[in-house]
Amino acid sequence: GIACERVRLPHLTEEPFVLTDAGGSVLVASSEARTFGVAPNQDIQGARALCPHLIALPYDRATYEIAARPLWD
């Protein structure tokens, strides 16, 4: 998901960002976000307390599966 979003949104390169579920829990954190201590299963408020300029995007499973299909094949 992180790689897909960096292709779709190139301005995210070297920016701390996370992919979240509908409830606001972190599912995946970029390496830049992880350096601040952001990790999966945190709520977004806790993640932003560690990294105030954190960018949060919704996890887009359908898009990530489409992008991964060529790798699976």
Side-chain angles (χ1 to χ4, degrees):
I2 296 294
C4 286
E5 294 300 347
R6 284 194 170 137
V7 169
R8 286 199 305 186
L9 304 168
H11 70 278
L12 294 176
T13 301
E14 298 183 17
E15 293 292 330
F17 74 98
V18 294
L19 303 176
T20 63
D21 66 12
S25 292
V26 174
L27 297 175
V28 184
S30 69
S31 59
E32 295 83 3
R34 290 192 311 265
T35 64
F36 288 91
V38 176
N41 299 319
Q42 286 179 323
D43 64 33
I44 193 63
Q45 292 86 1
R48 284 204 169 111
L50 296 170
C51 181
H53 55 284
L54 184 68
I55 299 165
L57 301 172
Y59 188 87
D60 187 351
R61 183 181 182 104
T63 297
Y64 308 149
E65 286 180 357
I66 290 168
R69 224 169 261 157
L71 298 173
W72 296 337
D73 292 343

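Residues L19 and P58 approach most closely at CD2-O, 4.3 Å, considering heavy atoms. In terms of heavy atoms, V38 sits closest to L50 at N-CD1, 4.0 Å. Between A67 and P70, the shortest heavy-atom distance links the atoms O-CD, 3.4 Å.
Note that the CZ atom of R6 and the CD atom of E15 stand 9.5 Å from one another [nearest 0.5 Å]. Separating the CG atom in D43 from the CZ atom in R48 is a distance of 10.5 Å, to the nearest 0.5 Å. Taking CD from E32 and CG from L54, the interatomic distance works out to 11.0 Å, rounded to the nearest 0.5 Å. Going from atom OH of Y59 over to atom CG of L27 covers 7.0 Å, rounded to the nearest 0.5 Å. Between the CD1 atom in I55 and the OG1 atom in T20 there is a gap of 12.5 Å [rounded to 0.5 Å].
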Pair R8-T63, side chain to side chain contact (heavy atoms under 4.5 Å, CB included): steps then yes or no: CA-CA 10 Å; R8 286 199 305 186; T63 297; 3.7 Å; yes

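Aromatic ring centres of F36 and H53 lie closer together than 6.0 Å.
Contact of the S30 side chain with the E5 side chain is not registered, since no non-hydrogen atoms from C-beta on lie closer than 4.5 Å.
When each of V18, L12, I2 is checked for a side-chain contact (heavy atoms from CB on, under 4.5 Å) with L57, only L12 meets the rule.
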